[in-house]
Structures are given as C-alpha cells and as structure tokens.
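Each remark here refers to the structure printed beneath this line.
We count ligands from 1, going down the list as the structure has it; atoms in each ligand are counted the same way. None of these values were measured; they are calculated from a predicted model.
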Amino acid sequence: MELLTIALPKGRILEESLDLLREAGIDCDNINEDSRKLIFVSDKSNIKFILAKPFDIPTYVEYGVADLGIVGKDILLEEPRDVYELLDLKLGYCRIVVAGPKGKKEYPAHLRVATKFPRITEKYFIEKGRQVEVIKLNGSVELAPIIGLADKIVDIVSTGTTLKENNLVELEQIAEITARLIGNKVSFRLKASRIDELIKGINNIIERGEKDA
Ligand SMILES: Nc1ncnc2c1ncn2[C@@H]1O[C@H](COP(=O)(O)OP(=O)(O)OP(=O)(O)O)[C@@H](O)[C@H]1O
Ligand SMILES: O=P(O)(O)OC[C@H]1O[C@H](OP(=O)(O)OP(=O)(O)O)[C@H](O)[C@@H]1O
C-alpha cells in the first residue's frame, strides 16, 4: 500500500473532516488538534496528515507535497489552483453574501465593498454589470460599514449571529459553500487505485448520510 499525504485545514472544519474520514474507515486517531504538531502519521492506513492553514491547502496539493486535501469551496473560488476537485464532502456548510447596515439597503453610485474575498467580490459585481471598489481585509470584516470604511461587505454567513450583533443584514447571496476533497493531478494518475478506493469509501458515507437525512 503506497503512502498517501493528505492536507487537512486547521480550524473550523477540521473536526467534521476527521469524523468523515474516520467513518470511511481511515485511521486518523492520533491527530491531536490541541497539540502544536503539524504532521501526523497513521501506520495503520499508511497516510501522512499535514495540518495547514485553510488558504494554503490548495497550494500544497497543486505542488504535489500533498496528494489530497480538504478545503472550503470559498477558497477554491477565491484562489483557483491547478488541482482536481474530486468530491463535495457536504460539510462546513456556509454562504457567501453581500451585507450592509440595517435600514440602509440602497447602493451608492460609487460602491465600496470590504471583504476577505476580493476576487469573488469583483467577479460577482462585474458579472452583474455593477461598478465596485473592493477593499481587502483579513478578518472582522463586519467592522468596515460600521466605522465608515465601506458601504457593504461580502463575507461568510453561517448562523447569522455576527451580522445580527453588528446591526447588519444580508442583501444578496453570492454562493453556497461546502468543503471539497481536492487532488494533485499527477498523484491522481500515479496513485490511482489508492485514491479511487479512498474516494469510494468517503462517497459511501456521504451518500448514506444523505439517505438518512
Ligand atoms: N462561519 C464560518 N466562517 C468562516 N468559514 C466558515 C464558516 N462556516 C464554515 N466555514 C468554512 O470553513 C472554512 C475554514 O474556516 P476557518 O475559519 O477555519 O478558516 P479561515 O477563516 O480561512 O482561516 P483564518 O481564520 O485562520 O483566517 C472556510 O473556508 C469555509 O469554507
Ligand atoms: O454567521 P456566523 O455564524 O456568525 O459566522 C460568520 C462569521 O464567521 C467568520 O468569521 P471568523 O470567526 O472566521 O473571524 P474573522 O472575522 O476574523 O474572519 C465570518 O467571516 C463571519 O464573520
């Protein structure tokens, strides 16, 4: 059984990803989310797991230092990479939306939008034929309209709590997001049978979950 390297995203979707892998019979029991270690090896499955920042996962997979990776579709849309998108894992569900201050639903002629996702934002407004000035932020995007940096924001919404607590409302939905299994193009050929087997195992669990839902 040849060695597989899988890049997993630290943070929000790690636990759900590990649950899915475990259910599919992939041993990842020695991954300790609380430690500072970044590489874990399962001798049982002959898999090396790399824990990385979500935005870096496609980079590891494109360069082939990881054969496979798990990453949110938001990241694939924002920074397209030369990788195969192999499976919709149906986990980490959230949405990318345009939002703005409650009671100020109109859009000014010169529209300023703050976001962690400049590419998605520009593409969305260009496709709608609307002019936009995009301001890239790295987090706490909800601050921007409150303190007058931007008129609107484009951000991820999950429970809606962050918007609500900052007196913002959703105006338009841009995309629905779930996590994806991605693969390196060369590994996909060279390790075809191992990867294929792993995809089938995971897919069975996803389909079973959908049937039960
Ligand atoms: N409420 C949410 N906020 C952000 N991402 C979410 C949310 N719900 C699900 N996701 C998904 O989880 C993925 C990982 O999110 P996470 O917050 O861990 O990382 P990040 O925001 O990219 O990293 P960092 O917080 O280190 O900048 C996202 O790319 C997205 O697909
Ligand atoms: O709808 P909710 O459930 O409230 O989740 C949405 C919030 O979560 C994310 O922020 P994150 O916690 O990653 O912090 P950040 O603003 O620093 O990116 C996202 O950017 C929203 O701000």
Side-chain angles (χ1 to χ4, degrees), residues 6-21 28 31-38 40 49-62 66 68-81 83 85-102 112-124 134-183 202 206 209:
I6 305 182
L8 298 174
K10 288 195 282 185
R12 262 198 179 88
I13 59 174
L14 180 61
E15 215 169 295
E16 268 187 280
S17 303
L18 292 176
D19 287 346
L20 177 63
L21 293 177
C28 42
I31 296 182
N32 179 357
E33 298 162 51
D34 303 323
S35 92
R36 298 288 303 158
K37 237 174 98 163
L38 300 172
F40 297 89
F49 295 98
I50 301 174
L51 264 48
K53 276 273 191 190
F55 259 97
D56 294 334
I57 301 277
T59 311
Y60 289 106
V61 174
E62 181 180 38
L68 298 170
I70 292 181
V71 69
K73 179 72 180 177
D74 49 325
I75 289 170
L76 297 174
L77 291 171
E78 182 59 28
E79 283 184 14
R81 288 275 173 184
V83 296
E85 196 178 308
L86 301 170
L87 264 186
D88 180 348
L89 300 174
K90 310 272 167 79
L91 60 87
Y93 177 81
C94 57
R95 298 176 303 119
I96 300 183
V97 306
V98 184
K102 211 170 152 184
R112 280 174 137 190
V113 178
T115 186
K116 252 173 114 168
F117 301 98
R119 195 161 177 161
I120 293 173
T121 304
E122 242 155 55
K123 186 164 178 279
Y124 177 74
V134 177
I135 301 172
K136 164 82 165 68
L137 292 177
N138 291 303
S140 302
V141 174
E142 290 82 1
L143 264 177
I146 303 172
I147 58 170
L149 178 65
D151 307 296
K152 312 287 180 207
I153 60 170
V154 164
D155 201 11
I156 284 181
V157 172
S158 171
T159 60
T161 309
T162 313
L163 287 184
K164 206 167 160 205
E165 292 195 356
N166 291 289
N167 282 317
L168 301 170
V169 290
E170 182 180 330
L171 301 167
E172 299 172 49
Q173 177 172 302
I174 298 181
E176 288 188 294
I177 301 297
T178 48
R180 308 296 158 109
L181 179 72
I182 57 171
I202 296 175
I206 297 169

Counting each atom of ligand 1 from 1 as listed, which ones have a heavy atom of G72 under 4.0 Å away?
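Contacts of ligand 1 toward G72, numbered from 1: 31 (O).
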Taking only heavy atoms of I177, which atoms of ligand 1 are found under 4.0 Å from at least one of them?
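Answer for ligand 1: 31 (O).
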Geometric N/O contact K116 with ligand 1, under 3.5 angstrom:
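Right, the criterion is met.
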Is the closest N or O pair between R12 and ligand 1 shorter than 3.5 Å?
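Yes, R12 has an N/O under 3.5 Å of an N/O on ligand 1.
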Could you check whether any side-chain heavy atom of [X] comes within less than 4.5 Å of a side-chain heavy atom of [Y], counting everything from C-beta outward?
X	Y	result
P54	R12	no
I31	L18	yes
V61	R81	no
V154	V134	no
E142	D155	yes
L91	S17	yes
L51	F40	yes
D74	I156	yes

More than 12 heavy atoms of other residues, nucleotides or ligands under 6.0 Å from [atom1] of [X]: yes or no?
X	atom1	result
K102	NZ	no
F49	CZ	yes
Q173	CD	yes

Please indicate whether any nitrogen or oxygen in G160 is less than 3.5 Å from any nitrogen or oxygen in ligand 2.
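Yes - when backbone and side-chain N and O of G160 are compared with those of ligand 2, one distance drops under 3.5 Å.
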Polar atom proximity, N138 to ligand 2 (N or O, under 3.5 Å)
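Between N138 and ligand 2 (N or O atoms, distance only) the closest approach is not under 3.5 Å.
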What protein heavy atom is closest to [atom], reported as residue, atom name and distance in Å?
atom	answer
atom 6 (C) of ligand 2	I156 O, 3.3 Å
atom 4 (O) of ligand 2	T162 OG1, 2.4 Å
atom 28 (C) of ligand 1	D74 OD2, 3.4 Å
atom 18 (O) of ligand 2	K116 NZ, 3.2 Å
atom 2 (P) of ligand 2	T159 OG1, 3.3 Å
atom 12 (O) of ligand 1	I13 CG2, 3.5 Å
atom 1 (N) of ligand 1	S158 CB, 3.2 Å
atom 16 (O) of ligand 2	S140 N, 2.9 Å
atom 26 (O) of ligand 1	K53 NZ, 2.8 Å
atom 10 (N) of ligand 1	C94 SG, 3.5 Å
atom 5 (N) of ligand 1	I156 CD1, 3.7 Å

Answer yes or no for K164: is there a heavy-atom contact with ligand 2 below 4.0 Å?
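The answer is no, since K164 has no heavy atom less than 4.0 Å from ligand 2.
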Is the shortest distance from a heavy atom of E165 to ligand 2 less than 4.0 Å?
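For ligand 2, residue contact (heavy atoms, under 4.0 Å) with E165 is absent.
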Please assess I153 against L163 for the test side-chain contact (heavy atoms from CB on, under 4.5 Å), listing each intermediate value before the final yes or no.
CA-CA 10 Å; I153 60 170; L163 287 184; 4.2 Å; yes
Is a salt bridge present between E78 and K116, judged by a nitrogen-to-oxygen distance below 4.0 Å?
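Salt bridge: no.
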Give the single entry among P54, G160, G11 that approaches atom 23 (O) of ligand 1 most closely by any heavy atom.
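Result: the heavy atom closest to atom 23 (O) of ligand 1 is in P54.
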May I ask which of R95, E170, E142, R12 has a heavy atom nearer to atom 12 (O) of ligand 2 than the others do?
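Heavy atom nearest to atom 12 (O) of ligand 2 belongs to R12.
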Does the protein put any heavy atom within less than 4.0 Å of atom 14 (O) of ligand 2?
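Protein heavy atom within 4.0 Å of atom 14 (O) of ligand 2: absent.
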What atoms of ligand 2 come within less than 4.0 Å of a heavy atom belonging to [X]?
X	result
T161	1 (O), 4 (O)
V157	1 (O)
D155	19 (C), 20 (O), 21 (C), 22 (O)

At under 4.0 Å between heavy atoms, which part of V157 makes contact with ligand 1: side chain, backbone, both or neither?
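It is neither part, as no heavy atom is under 4.0 Å.
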Report yes or no: does a heavy atom of G92 sit under 4.0 Å from some atom of ligand 1?
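Yes, G92 has a heavy atom closer than 4.0 Å to ligand 1.
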For the pair N167 and I146, evaluate side-chain contact (heavy atoms from CB on, under 4.5 Å) and give the outcome as yes or no after the intermediate values.
CA-CA 9 Å; N167 282 317; I146 303 172; over 6 Å; no
Check step by step if side-chain contact (heavy atoms from CB on, under 4.5 Å) holds for L68 and L86.
CA-CA 9 Å; L68 298 170; L86 301 170; 3.6 Å; yes
In Å and rounded to the nearest 0.5 Å, what is the CD1 to CG distance from I174 to L77?
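It comes to 10.0 Å.
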